[in-house]
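Okay, structure first, notes after.
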Amino acid sequence: MSPKTLYDKIWDAHVAHEADDGTCLLYIDRHLVHEVTSPQAFEGLRMAGRSVRAPDKTIAVPDHNVPTTPGREDPKNMTEDSAIQVAALDKNAKDFGIHYYPVSDVRQGIVHIVGPEQGWTLPGMTVVCGDSHTATHGAFGALAHGIGTSEVEHVLATQTLIQKKSKNMKVEITGKLRPGVTAKDITLSVIGKTGTAGGTGYVIEYCGEAIRDLSMEGRMTVCNMAIEGGARAGLIAPDEKTFEYVKGRPHAPKGAQWEAALNWWKTLFSDEDAHWDKVITIKGEDIAPVVTWGTSPEDVLPITAEVPAPESFEGGKVGAAKRSIEYMGLTPGQKLSDIEIDTVFIGSCTNGRIEDLRAAAEILKGKKIAVKRAMVVPGSGLVRAQAEEEGLADIFKEAGFEWRLAGCSMCLAMNPDQLAPGERCAATSNRNFEGRQGRGGRTHLMSPAMAAAAAITGKLTDVREMM
Amino acid sequence: MEKFEKLTGIAAPMPLVNIDTDMIIPKQFLKTIKRSGLGVNLFDEMRYDDNGDEIPDFVLNMPQYREAEILVAGDNFGCGSSREHAPWALKDFGIRAIVSTSFADIFYNNCFKNGILPIVLPQEAVDVLMKDAEKGSNARMTIDLENQVVTSSDGETFSFEVDSFKKHCLLNGLDDIGLTMEKAAAIDSFEAQASQARPWV
Ligand code: SF4
C-alpha cells in the first residue's frame, strides 16, 4: 500500500461515492449546529419536505448571540432578532429530533468547546459545522471544517458533503517552546509566516515535538486558527493524550467498543514516506509571545517589536497595512509594548477552555486591573463550573474582571458585548478584522497570559516580565 | 438556483486585499432567518457612516457603479467566517461574478451554491481587469462560463479554470441536494458498511 498522510486515511474511510472527475460524497460523522447559520437550512428542508437523515449524529447549541449575563433564559432579555434565532433553533431541534443543549443547560457553551467536552468529537471522524472554526476539532485527529448554510442543509438532508480532496501540508514545530510561549503564539506565528491565504487549498497537519508537548486544550487552540491561515482544516495525529482526554466523556465509546475504537485510532498517523505538497518548519525556540498590530490575523509580531511601516510590505499589502494602521490608530515605529489598552476579553473557542483560564488567573493572582473593563467568558457552562471550583473565578473577580456565562460574546459581538468606536481591546479570540468586536473597535489578538498581563499594566505587555 | 451562463455588465474595482466576510456583511445583519434582503447592508461599514448616510467615495455608492454586477478585487477575497450571508448579500445587491487572484475556500464554495461565479485569474490579468473596471459604467466586461473566458471592454480575453462539476451545476442552475439524493443507494451502503467497521460513531 502506498504511504498515506493522516488526512488521506480519514478521507479514504469516508468516501461514500466518487464521480469520474474526482468529486466525492464525503460521509459526515458529526454535524454541529448553531443558531446563526442554520435557520435558512432547516427552512429549506421544510420547504422541500425533507427530514434530517441522521438526527443522532446532529448536535445543536445556541452560542453566537446569546447574552452572557444572568437571566438570559428569558427571551425578553435578548434583542428581538436574537431571540427569534434562538427560538428558531429550539424549535428546529425539537421538530427534527436532534441533540440539543439550550441556554438553560449547564452543558451549553460555544459549539466547538461543547463537542469535544461531551465526547461527540472523536479521532478519525469527519466533523462539520456552519462555522469556520470547526477546524478546532482537528486537534483530535478528526477531519473537521466549516461549511456554509447551503451545505448545512445538504448535510442535514443527506449526511454527506460534496467535496474534492485538498492538498496535504505539513507544519512542523520542532523542539521546545520557551517559557511564556503558548499554543496561541504558535498558531499566530504560523499565520504570520504563511499569511492568511497560505493554507488555501490545503489541509494542514501540525506535528513536531512542540505540538506533541501541548495539552489537548493547546492543540485545539492551534487547530482552531488553521482557518485564519486559509486552510480547509487543521489536524493533529491522536496519541495517548488524546485517548486520555476522550475516555469517559458522555458520548465516547465504552467497553468493547472503546477497545475497537482505540485499535483503529492508533493507526491514525501520517506514514513515514507520505507525500506532502508543502512543508513548513518552525523552530519552537524561535517563537516569542506575539500580538497582532493590524486588522488581519497575519499582522503578527513579537511583543518586543514595533508597529511596521506600510512601505516595508509588498504589492497590495502596502495599501492594506496603511489602512490597518490608520484604523488601529497606531504610528509606524511605535513600540508595541507602548500601546495602551481599554478593554480585555478572555474567552472564545480559541482560548475559552479551562487551561486558558488557569493561565490567565496565574498572572492575575493578587493583582488588580488597570483597564476600563475586563471580562472572562468561559467557553462552556462546565468550564465555568470547574473554574469556580478551582477558585479561578474568585481570582478574576478580585482582580476586577466580570465573570460571565458561556457563549461567543465579544469574539464577534453579536450579543450585547461590544466595543465602542475607537475602544482598544486585548483579546484572546481569533479575528481582528475591522469592526469584528464592534463597529470601530480595535482588536489585538494574543494568548490568555498576555491578555492578563495587559489587563494589569493597561498596555500591551510582555508576559515574560511578570513571570 | 439561478443559472449562470453569460453576463455582460459593469464591474466595480475593489483593489483591497483580504476583503473579509465581516466587511462584506457585518455580524449585526446575521440575525435574520431569511436569505433575502441583505443587499442594502452589503459592505455596510464601508458604505454608510455612523448616521446611516452613504459615504460618497465608496465604490458601490458612486453613480457609475450602482448597477455593478461584477467585482474585481484584491487577493484572498472572502476570507473569514463561513457565513453564507456574504454571498446572499452580494447576490441581493446584484453581484453575479467576482474576479480575484484568490478566494477563501468556504466563501468560494458558498458562491457556487448561490449562482455567483468566483473567477481566479493571475495577478497580471486581474491588474488589467482592475484598470478596465476603473473606467466606470461605459466599460462593460463580459463573462462567458461555457467557454470559461472573461473579455474586457477593449476585447482583451482571459481564460479561467473552473471545476467541471461546479460549472455544470451553475450552467444548469442545479440544486446539489437533489443531485445527491439520486445517490441515496451509495450513501445507504456506505452507512451500513461504516456502522460495521466503526460502530461507536
Ligand atoms: S467564539 Fe468566536 S470564532 Fe468561535 S464560534 Fe464563537 S463567534 Fe465563532
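- For a residue to count as touching a neighbouring chain, one of its non-hydrogen atoms must lie under 4.5 Å from one of that chain's; by this rule B:K27 touches chain A with backbone and side chain alike.
- With a 4.5 Å cut-off on side-chain heavy atoms, A:E151 and B:D176 do not count as touching.
- For B:P199, the parts lying near chain A are the backbone and the side chain together; criterion is any non-hydrogen pair under 4.5 Å.
- Note that CD1 of B:I33 and CD1 of A:I84 are 6.0 Å apart. Values are rounded to the nearest 0.5 Å.
- Only the backbone of B:F103 has a heavy atom closer than 4.5 Å to any heavy atom of chain A.
- Between B:I106 and A:I227, the closest side-chain pair of non-hydrogen atoms falls below 4.5 Å.
- Between the CG atom of B:N76 and the CD atom of A:E298 there is a distance of 7.5 Å, given to the nearest 0.5 Å.
- Interface residue B:L16: only side-chain heavy atoms are found under 4.5 Å from chain A.
- When all heavy atoms are compared, the tightest approach of A:R30 to B:V201 is NH2-C, 3.6 Å.
- Judged by distance alone, the side chain of A:R436 and the main-chain N or O of B:D22 form no donor-acceptor pair under 3.5 Å.
- Surrounding NZ of A:K91 are at most 12 heavy atoms belonging to other residues, nucleotides or ligands under 6.0 Å away.
- Residues A:G148 and B:E84 come closest through the heavy atom pair C-OE1, 3.1 Å.
- The NE2 atom of B:H85 lies 4.5 Å from the CD atom of A:Q40; values are rounded to the nearest 0.5 Å.
- Between chain B and the residues A:G130, A:P253, A:A261, the largest count of heavy-atom pairs under 4.5 Å involves A:A261.
- A:R431 places a side-chain N or O within donor-acceptor distance of the main-chain N or O of B:G80, the cut-off being under 3.5 Å.
- Here the CG-OG1 distance, from B:D163 to A:T23, works out to 5.0 Å after rounding to the nearest 0.5 Å.
- Nearest approach of A:Q85 to B:L30, heavy atoms of both residues: NE2-O, 2.7 Å.
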**Prompt:** side-chain contact (heavy atoms from CB on, under 4.5 Å) between A:T160 and B:K183: does it pass, once the steps are laid out?
**Reply:** CA-CA 11 Å; A:T160 63; B:K183 308 206 178 74; over 6 Å; no
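- Both the backbone and the side chain of B:T32 come within less than 4.5 Å of a heavy atom of chain A.
- With a threshold of 4.5 angstrom between heavy atoms, B:D127 does not approach chain A through any atom at all.
- Within 6.0 Å of the NZ atom in A:K322, the count of heavy atoms belonging to other residues, nucleotides or ligands does not exceed 12.
- Contact between A:S132 and B:S81 at its shortest, heavy atoms only, is OG-CA, 3.6 Å.
- Per-residue heavy-atom pair counts under 4.5 Å with chain A were compared for B:L179, B:N114, B:D188, B:D44, and the maximum is reached by B:D188.
- Comparing A:A197, A:G195, A:G201 by heavy-atom pairs within less than 4.5 Å of chain B, the highest count is held by A:A197.
- Here the CG atom belonging to B:N109 is positioned 6.0 Å from the CZ atom belonging to A:R232, to the nearest 0.5 angstrom.
- Using a 4.5 Å cut-off between heavy atoms, B:D75 does not touch chain A at all.
- With a 4.5 angstrom heavy-atom cutoff, B:R198 touches chain A only via side-chain atoms.
- Between A:W265 and B:W200, the angle of the ring planes goes over 60°, which puts this pair in the perpendicular group of the 30/60° scheme.
- Across A:I147, A:N430, A:T295, the residue that shares the most heavy-atom pairs under 4.5 angstrom with chain B is A:I147.
- In terms of non-hydrogen atom pairs under 4.5 Å with chain A, the most contact-rich of B:Q28, B:K166, B:E191, B:Q123 is B:E191.
- With chain A as partner, the option from B:V17, B:D20, B:D50 having the largest number of non-hydrogen pairs under 4.5 angstrom is B:D20.
- The NZ atom of B:K34 sits 9.5 Å away from atom CD of A:E43, with the distance rounded to the nearest 0.5 Å.
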